[in-house]
**Q** 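Sharing a structure below in structure tokens format, with a few things to ask.
As the structure is a prediction and not an experimental result, all values here were calculated from the model. As a basis for the values below, the full set of heavy atoms in this structure was taken, side chains included, without hydrogen atoms, waters or symmetry mates.
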Amino acid sequence: QVRLQESGGGFVQAGGSLRLSCAASRGTFRGYGLGWFRQAPGKEREFVAAVGRTTMNTYYADSVKGRFTMSRDYAKNTVSLEMNSLKPEDTALYYCAARNRGSNSAELDNYDYWGQGTQVTVSS
């Protein structure tokens, strides 16, 4: 069983950038499909990005495509989310998630493990 810990959230002005990181504090990410999700106040948790066993197999929500980049580092046992051209509507609690199956998925119910989340706030 893998345990996830996010970091890197913060406060940034619109147009700025942040880099989120998710580390496996117990276990390894090898073999897992990984995803980033976010939840804004009063809204449901939504898909942001997902990656399969290799970084060649990455999938993004339309709302972040071209601005966000997800990548995984097997050597460091981490997965990151590089966020550029941030908008106020990107403000949310961002979660890292892992699924036992190695393919990527945009569905919340397909993920088996979740981190506690890291807050991203974008001011206008």
**Q** With the 4.5 Å side-chain cut-off for hydrophobic clustering, are Tyr59 and Val51 part of the same group?
**A** no
**Q** Before giving the answer on side-chain hydrogen bond (donor to acceptor under 3.5 Å, both in side chains), spell out for Tyr111 and Arg99 the whole-Å C-alpha distance, their side-chain angles and the decisive distance to 0.1 Å.
**A** CA-CA 4 Å; Tyr111 286 83; Arg99 60 192 299 254; 5.2 Å; no
**Q** May I ask you to decide if the ring planes of Phe47 and Phe37 are parallel, tilted or perpendicular, using 30° and 60° as cut-offs?
**A**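 Because their plane-to-plane angle is over 60°, the rings of Phe47 and Phe37 count as perpendicular.
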**Q** With side-chain hydrogen bond (donor to acceptor under 3.5 Å, both in side chains) as the test, would you mind laying out the steps for Thr78 and Asp73 before giving the verdict?
**A** CA-CA 5 Å; Thr78 59; Asp73 187 326; 5.0 Å; no
**Q** Which heavy atom of Ala92 sits nearest to which heavy atom of Ala40, and what is that distance?
**A** CB-N, 3.8 Å
**Q** Indicate yes or no: at least one non-hydrogen side-chain atom of Val79 is less than 4.5 angstrom from one of Phe29.
**A**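 In short, these two side chains touch, coming nearer than 4.5 Å.
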**Q** Tyr95 pairs by side-chain contact (heavy atoms from CB on, under 4.5 Å) with which of Gln116, Arg38, Gln39?
**A**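 Result: among Gln116, Arg38, Gln39, Gln39 is the only option passing the side-chain contact (heavy atoms from CB on, under 4.5 Å) with Tyr95.
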**Q** Applying side-chain contact (heavy atoms from CB on, under 4.5 Å), can you list everything that pairs with Glu107, at least two apart in sequence or on another chain?
**A**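 By the side-chain contact (heavy atoms from CB on, under 4.5 Å) rule, Glu107 matches Ser105, Asn110.
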**Q** Would you say the side chain of Tyr94 lies within less than 4.5 Å of the side chain of Glu6, judging by non-hydrogen atoms?
**A**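 With C-beta onward as the side chain, the pair stays apart.
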**Q** More than 12 non-hydrogen atoms from neighbouring residues, nucleotides or ligands closer than 6.0 Å to OH on Tyr113, yes or no?
**A** yes
**Q** So Leu86 and Leu18, side chain to side chain contact (heavy atoms under 4.5 Å, CB included) or not? Walk me through it.
**A** CA-CA 8 Å; Leu86 283 162; Leu18 280 175; 4.1 Å; yes
**Q** Roughly how far apart are Ser85 OG and Phe68 CZ, rounded to 0.5 Å?
**A** 9.0 Å
**Q** For a quick check under 3.5 Å, do Ser21 and Ser7 share a side-chain donor-acceptor pair by atom type?
**A** no
**Q** Any side-chain to backbone donor/acceptor pair from Gln5 onto Ala23? Under 3.5 Å, distance only.
**A** no
**Q** Using every non-hydrogen atom in the two residues, find where Gly117 and Leu93 come nearest and quote the distance to one decimal.
**A**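 Looking at all heavy atoms of both residues, the shortest contact is C-CD1, 3.8 Å.
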**Q** Determine yes or no for a side-chain-to-main-chain donor-acceptor pair under 3.5 angstrom, with Thr91 supplying the side chain and Thr121 the backbone.
**A**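 A pair under 3.5 Å: no.
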**Q** Are Arg101 and Asp112 close enough for a salt bridge, meaning some N to O gap below 4.0 Å?
**A**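 Salt bridge between Arg101 and Asp112, a charged N being under 4.0 Å from a carboxylate O: no.
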**Q** Indicate yes or no for a side-chain donor-acceptor contact from Tyr32 to the backbone of Ala97 under 3.5 Å, with no hydrogens or angles considered.
**A**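 Checking the backbone N and O of Ala97 against the side chain of Tyr32, no donor-acceptor pair under 3.5 Å is found.
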**Q** Are Leu108 and Leu81 connected, step by step, through hydrophobic side chains (Ile, Leu, Val, Met, Phe, Trp, Tyr) whose heavy atoms are closer than 4.5 Å?
**A**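 Unlinked, Leu108 and Leu81 end up in two clusters.
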**Q** Each residue besides Phe11 in its hydrophobic cluster should be listed here, by chain and number; the cluster joins Ile, Leu, Val, Met, Phe, Trp and Tyr at side-chain heavy-atom distances under 4.5 Å.
**A** none
**Q** Does a side-chain heavy-atom distance below 4.5 Å link Lys87 with Val64?
**A**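 Not in contact.
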**Q** Kindly indicate whether the side chain of Arg72, heavy atoms from C-beta on, has any atom under 4.5 Å from the side chain of Leu34.
**A** yes
**Q** May I ask you to establish whether Arg45 and Trp114 are in a cation-pi arrangement, using a distance under 6.0 Å from NZ or CZ to the six-membered ring centre and at most 45° from the ring axis?
**A**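 Output yes; distance and angle both within limits.
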**Q** Going by heavy atoms in the side chains, are Met83 and Ser17 under 4.5 Å from each other?
**A**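 With C-beta onward as the side chain, the pair stays apart.
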**Q** Can you check whether Leu20 reaches Trp36 side chain to side chain, under 4.5 Å on heavy atoms?
**A**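 Of all side-chain heavy-atom pairs linking Trp36 with Leu20, at least one is under 4.5 Å.
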**Q** Calculate, to the nearest 0.5 Å, the distance between atoms NZ and CD belonging to Lys43 and Glu89 respectively.
**A** 8.5 Å
**Q** Where is the tightest heavy-atom contact between Val2 and Ala98, given as atom of each residue plus distance?
**A**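 So the minimum-distance heavy-atom pair works out to CG1-CB, 4.1 Å.
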**Q** Could you tell me whether a side-chain N or O of Asp90 sits under 3.5 Å from a main-chain N or O of Val122, the two making a donor and an acceptor?
**A** no
**Q** Check Asp62 with Lys65, please: is the shortest side-chain N to carboxylate O separation under 4.0 Å?
**A** yes
